[in-house]
Amino acid sequence: GVEAGTTAAWMARHRGMYERATRHPFTVSIRDGTVDLSAFRRWLGQDYMFVKEFVAFLASVLLKCCRQSDGSDMEIILSGLASLSDELSWFKKEAEKWSVNLAEVSPLKSNTEYCRFLQSFSEPEISYVVAITTFWIIETVYQDSFAFCTEEGNKTPPELLGTCQRWGSPEFKQYCQSLQRIADRCLAEASADAARSAEEAFLRVLELEIGFWDMSSSRS
Ligand code: HMH
């Protein structure tokens with residue numbers, strides 16, 4: 001149908017938080033062309049570490065999907081997991097371009113905190129609906145943040161456009177919308193308790209994403 005789902009209602013209800021995550025000074029500075037390149041390099045190294053943890057997270061989402069009644073969402077989750085292989089190669093190539101030595105990167109506090117959150121999903125007690133909703137919002141924050149850097153009027157430095165297009169492309173947006181439809185379908189069938197847990201996870205992701213951008217852009 002065309003009715004707005006639960007996730008759209010959350011985005012409206014928590015619009016302030018959502019905008020702090022998706023219009024953060026760091027990504028806005030990319031769009032403005034004023035980005036500090038040492039901050040970009042810091043983000044690159046930290047996000048590489050994050051994505052490696054994200055692989056394990058996605059594996060746990062996939063497992064919950066398969067263990068669930070019909071496992072009908074398996075293909076979209078599996079395609080997301082498979083595309084992370086290419087993403088890790090992209091990070092390595094990009095790190096070389098920016099002379100970031102990935103072997104020497106150690107996780108900063110906000111990254112460690114975020115990775116610990118991701119790791120908690122390996123617990124079987126965490127339900128599929130909470131996991132799929134978390135997966136959707138994690139991807140959506142990047143999609144929305146980087147699409148803004150490629151939209152009309154951007155002054156994004158040409159050497160950063162590839163990064164922005166990785167998450168800002170129409171294809172990635174469609175992928176996020178597929179995840180959103182899955183999350184909304186699961187939420188429509190979920191208990192009030194499960195839906196409340198999913199909303200808490202949604203807010204926690206926004207908080208962690210803001211912390212991740214703060215960490216990337218801070219000069220310390
Ligand atoms: C911190 N959030 C963070 N890194 C990412 N690569 C994504 C979301 C999207 O996959």
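Just so it is clear, the structure is predicted and the values come from calculations on it, not from any experiment. When a residue number appears, it is its place in the shown sequence, counting from 1. As the structure lists them, so they are numbered: ligands from 1, and atoms in each ligand from 1.
Under the 3.5 Å distance criterion, the side-chain polar atoms of N154 are matched with a main-chain donor or acceptor of T156. Checking side-chain atoms of K97 against main-chain N and O of E159 turns up a donor-acceptor pair under 3.5 Å.
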N/O to N/O under 3.5 Å, ligand 1 against protein:
{"residue": "ligand 1", "atom": "2 (N)", "partner": "E209", "partner atom": "OE1", "Å": "3.3"}
{"residue": "ligand 1", "atom": "2 (N)", "partner": "E209", "partner atom": "OE2", "Å": "2.6"}
{"residue": "ligand 1", "atom": "4 (N)", "partner": "D47", "partner atom": "OD1", "Å": "2.7"}
{"residue": "ligand 1", "atom": "4 (N)", "partner": "D47", "partner atom": "OD2", "Å": "3.4"}
{"residue": "ligand 1", "atom": "4 (N)", "partner": "Y142", "partner atom": "OH", "Å": "3.1"}
{"residue": "ligand 1", "atom": "6 (N)", "partner": "D47", "partner atom": "OD2", "Å": "3.0"}
{"residue": "ligand 1", "atom": "10 (O)", "partner": "E139", "partner atom": "OE1", "Å": "2.8"}

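Contact check on E113 versus R116 returns no salt bridge, with no Lys/Arg side-chain nitrogen under 4.0 Å from an Asp/Glu carboxylate oxygen.
Applying the 4.5 Å side-chain rule to ILVMFWY residues, one finds F148 in the same cluster as V28.
Under the rule for a ring-ring contact (aromatic ring centres under 6.0 Å, His included), the partners of F54 that lie at least two apart in sequence or sit in another chain are F50, F57. Judged as a ring-ring contact (aromatic ring centres under 6.0 Å, His included), and not counting sequence neighbours, the contacts of F117 are F121.
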